[in-house]
Enquirer: 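First, the structure itself, so that you have it in front of you.
For the numbers below, each heavy atom of this structure counts, side chains included, while hydrogens, waters and symmetry mates do not. Convention: sequence-line order gives letters A, B, ...; per-chain numbering from 1.
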Amino acid sequence: MNRKLGKLVVETVAVLLSVVIFWVPLYFVAVNALKDPKEASELSMAWPSVVHLWDNVREVVTARDYMLLLAFYNSTLLTVLSIAVLIVVCAMAAFVMQRKKDRLTPWLTFFVLAGLIIPPAIVPTIWVLDGIGLFKTMTGLVMVEVALGFPFGVLLYRNFMATIPREIDEAAIMDGCGGFRLFFRMILPLLQPVTATVIVTSSVTIFNDFTNPLYFFPGSKNATVQLTLYNFMSQFVSQYNLLFMNILLITIPPLLLFLFFNKKIVAGMMAGSVKG
Amino acid sequence: MSKVIRRTYSNYFLLPAAVIYVAIFILPTVMSFFFSMTRWTLADWEFIGFQNFATFFQEPSLSIGFRNTFVYALVACTLKVVLGLLLGVFLTAKIKTKAYLRSVVFFPTLVSTIAVGIAFSMMMHPTEGMLNTSLAAIGITGPDWLGDTRIALLSVALVDVWKGVGFATVIYIAGIMSIPSDYYEALQIDGGNAFDKFWRIIVPLSRPATNTVIILAFIGGLRSFDLIWTMTKGGPGFATDLIASIIYKQYQAGFYGLATAGNVILFLFVTVLAYPLSAYLNRKEVDL
């Protein structure tokens, strides 16, 4: 009986702590996003005297010539394109890297794993992008996101490839399948579970990315959602309510993703991160 | 047969990855060693040897980045390991609110770092911020979290932990759940208590998870940029400048050669610290 009571106390404390540590900051942002500039500047936790939900949404969205809408468009496009390329590129590379063992394989592995540790050399990357005419372009930024996401993606795919029996390959070869048909018809569909993991984890990373758009996608026409927040920070310095509303709006996509894929995210993280 | 294999697992499959990875990652990395030794305007360069590096080590505003980066990575990493392990143990125990607590702890991982940074800098406002007004309510005068040079770096590191501990926890949950139950049974027969269970089974056998968390958190800490940039921009003074934020400042000022030298230094810094660390951790890893 005593132990049960102790357990109940511990659990109650844990839930209360979770409210203080995780919900209070979220509430703070949400409640201030609903205030007028004067009330929001007090940075308090109090409920607004008048709720300004739609006024604030309208103001944030229309600010600077609908910059936020443009940013949402850019960020969505960036995320979708990067993930599409990332999946094809990683799956194809992992297919060969896991199946074929020759002298080249250890070297390839070394170079790919190095990408997990080495910080990218930024200005030389700009130099290369500039040289091939892709600096400040969506294509260039997509390539950067793919190059930087590649090591982790290939790691996930390669580990999963190891669980697909080779007999499938052999049977397909016997039936006269070439490499490309084998890969696109048989292997790629079997890789679906990892593909789901890659989609969920990379979309969050790329949508929330700040550093790469900052360096490789400058210019107000090229805003991504993270940069709007940053640009707005100086403009809205006396209008915290709009800044908080902006935070709230750009948190909605990851929040939705989280609600839909909650179980999958955690499972995928587990599969990918321990014993990589 | 080997011909069939060569044809089936054709190197053409590697081509798209190779083109992008080599052009956007490998080539710039290699070139950075050269450009770090130049005075550079992107269009034109002039070879100046190790002068950029000398500048980096001599200027106090630049070299402060080493200490800060190391402290930041160490603090964030240590806290993530300790809290992640404790939360992992708690969230694999038989509790009713497990699903809720797991989601709540993991959620900040998905929120944008910039949004988190802005929200917390508001809450850490010295007089009006929520943190200090709450402390004042119970009679404590809170510090100037981001304005005091002695604690600003730690304040940002704490926010980093708030955001990243969920990831460490998930890795620990996976690690702890993969411990076979035989060990717990054996401990029960030998008459061990909860303390033994933690120190003699969970800590040593979740070693692979610990290694993953240490490596990821430490390397992430050494490379971090966006949180510090949003919360303090390296200030007050240069008290929270990390190597990554110094690189950005030099880039912004148009010193491309110097920025690239900073990149090479960060590269060497990360390699010199992370490589022996991972070799050491992997050697001590126990097999289940």
Enquirer: Under 3.5 Å, is there a donor-acceptor pair between the side chain of B:Arg223 and the main chain of A:Pro120?
Expert: no

Enquirer: For the backbone of B:Leu110 and the side chain of A:Asn208, can you confirm whether one donor and one acceptor N or O come within less than 3.5 Å of each other?
Expert: yes

Enquirer: Would you indicate whether the side-chain heavy atoms of B:Tyr100 and A:Ser18 approach each other to under 4.5 Å?
Expert: yes

Enquirer: Examine the side chains of A:Thr211 and B:Tyr248 and answer whether a donor and an acceptor come within less than 3.5 Å of each other.
Expert: no

Enquirer: Between B:Val22 and A:Phe111, is the side-chain contact (heavy atoms from CB on, under 4.5 Å) condition met? List the steps.
Expert: CA-CA 10 Å; B:Val22 169; A:Phe111 274 112; over 6 Å; no

Enquirer: Looking at chain A, which one of B:Leu27, B:Thr133, B:Val30, B:Ile95 has the largest number of heavy-atom pairs inside 4.5 Å, strictly under?
Expert: B:Ile95

Enquirer: Pick whichever of A:Leu129, A:Asp169, A:Val29 has the most heavy-atom pairs under 4.5 Å with chain B.
Expert: A:Asp169

Enquirer: So do B:Leu14 and A:Met97 actually touch side chain to side chain, heavy atoms under 4.5 Å?
Expert: yes

Enquirer: Heavy-atom count check: over 12 atoms from other residues, nucleotides or ligands less than 6.0 Å from B:Phe255 CZ?
Expert: no

Enquirer: Is it the case that atom CZ in A:Phe260 sees more than 12 heavy atoms from other parts of the structure closer than 6.0 Å?
Expert: no

Enquirer: Given a strict heavy-atom distance threshold of 4.5 Å, which part of A:Ser41 is in contact with chain B: side chain, backbone, both, or neither?
Expert: backbone

Enquirer: Could you tell me the separation between the CZ atom of B:Phe25 and the OG1 atom of A:Thr125, rounded to the nearest 0.5 Å?
Expert: 8.5 Å

Enquirer: In Å, rounded to the nearest 0.5 Å, how long is the span from CD1 of A:Ile122 to OG of B:Ser32?
Expert: 10.5 Å

Enquirer: Rounded to the nearest 0.5 Å, what separation is found between the CD1 atom of B:Ile24 and the CE atom of A:Met143?
Expert: 4.0 Å

Enquirer: Between B:Val105 and chain A, which part of the residue has a heavy atom less than 4.5 Å away: side chain, backbone, both or neither?
Expert: both

Enquirer: Check each atom of B:Ile219 against the heavy atoms of chain A and say whether the ones under 4.5 Å are side chain, backbone, both or neither.
Expert: side chain

Enquirer: Can you tell me how far apart OG (B:Ser112) and CG (A:Asp209) are? Round to the nearest 0.5 Å.
Expert: 10.0 Å

Enquirer: With a 4.5 angstrom heavy-atom cut-off, which part of B:Phe35 approaches chain A: side chain, backbone, both or neither?
Expert: side chain

Enquirer: Look at the side chain of A:Glu11 and the backbone N and O of B:Lys96, then say whether any donor-acceptor pair between them is shorter than 3.5 Å.
Expert: yes

Enquirer: Looking at A:Phe22 versus B:Phe107, is the centre-to-centre ring distance below 6.0 Å?
Expert: no

Enquirer: Give a yes or no answer on whether the side chain of A:Tyr230 reaches the backbone of B:Thr230 with a donor-acceptor pair at less than 3.5 Å.
Expert: no

Enquirer: Using a cut-off of under 4.5 Å for heavy-atom pairs, which of B:Ser103, B:Ala259, B:Pro108, B:Ala274 has the most such pairs with chain A?
Expert: B:Ser103

Enquirer: Short question: side chain of A:Asp130, backbone of B:Leu42 - any donor-acceptor pair under 3.5 Å?
Expert: no

Enquirer: I'd like to check B:Asn11 versus A:Lys100 (side-chain heavy atoms, cut-off strictly below 4.5 Å). Are they in contact?
Expert: yes

Enquirer: Which region of A:Val144, side chain (C-beta onward) or backbone (N, CA, C, O), has a non-hydrogen atom less than 4.5 Å from a non-hydrogen atom of chain B, or is it both or neither?
Expert: both

Enquirer: Heavy-atom distance under 4.5 Å to chain A: side chain of B:Leu101, backbone, both or neither?
Expert: side chain

Enquirer: Count the heavy-atom pairs under 4.5 Å between each of A:Leu8, A:Ile250, A:Val112 and chain B, then report the option with the highest count.
Expert: A:Val112

Enquirer: Relative to chain B, which of A:Val96, A:Leu148, A:Leu116 shows the most heavy atom pairs under 4.5 Å?
Expert: A:Val96

Enquirer: Does any heavy atom of chain B fall under 4.5 Å from the side chain of A:Met45, the backbone, both, or neither of them?
Expert: side chain

Enquirer: Looking at chain B, which one of A:Gly178, A:Cys177, A:Gly140, A:Gly115 has the largest number of heavy-atom pairs inside 4.5 Å, strictly under?
Expert: A:Gly115

Enquirer: So which part of A:Glu42 gets closer than 4.5 Å to some heavy atom of chain B, the side chain, the backbone, both or neither?
Expert: backbone

Enquirer: Go through B:Phe225, B:Tyr275, B:Tyr12, B:Trp162 and name the one with the most non-hydrogen pairs under 4.5 angstrom from chain A.
Expert: B:Trp162

Enquirer: Let me know if A:Leu182 has heavy atoms under 4.5 Å from chain B in its side chain, its backbone, both or neither.
Expert: side chain

Enquirer: Say whether A:Trp127 and B:Tyr256, considering side chains only, have a donor N or O and an acceptor N or O under 3.5 Å apart.
Expert: no

Enquirer: Return the CZ to CZ distance between A:Arg99 and B:Phe13, rounded to the nearest 0.5 Å.
Expert: 11.5 Å

Enquirer: Examine whether an atom of A:Val225 lies under 4.5 Å from a heavy atom of chain B, and if so say whether it belongs to the side chain, the backbone or both; otherwise answer neither.
Expert: neither

Enquirer: Using a cut-off of under 4.5 Å for heavy-atom pairs, which of A:Tyr215, A:Phe95, A:Phe183, A:Phe28 has the most such pairs with chain B?
Expert: A:Tyr215

Enquirer: Go through the atoms of B:Ile26 and report whether side chain, backbone, both or neither lie under 4.5 Å from a heavy atom of chain A.
Expert: side chain

Enquirer: Closest heavy-atom contact between B:Pro28 and A:Ala121?
Expert: O-CB, 3.6 Å

Enquirer: Is it the case that the side chain of B:Asn263 and the backbone of A:Val123 share a donor-acceptor pair, with hydrogens and angles ignored and the cut-off at 3.5 Å?
Expert: no

Enquirer: Against chain B, label A:Leu108 side chain, backbone, both or neither, depending on which of its atoms sit under 4.5 Å from a heavy atom there.
Expert: side chain

Enquirer: Quick check on B:Phe33: does its CZ atom have over 12 non-hydrogen neighbours (other residues, nucleotides or ligands) under 6.0 Å away?
Expert: yes

Enquirer: Under a 4.5 Å cut-off applied to non-hydrogen side-chain atoms, are A:Phe244 and B:Met122 in contact?
Expert: yes

Enquirer: By a 4.5 Å heavy-atom criterion (distance strictly below it), what part of A:Ala94 contacts chain B: side chain, backbone, both, or neither?
Expert: neither

Enquirer: Among A:Ile118, A:Leu86, A:Val24, single out the residue with the greatest number of heavy-atom pairs under 4.5 Å to chain B.
Expert: A:Ile118

Enquirer: Go through the atoms of A:Leu248 and report whether side chain, backbone, both or neither lie under 4.5 Å from a heavy atom of chain B.
Expert: neither

Enquirer: Just how far is it from atom CE of A:Met92 to atom CG of B:Leu15, taken to the nearest 0.5 Å?
Expert: 8.0 Å

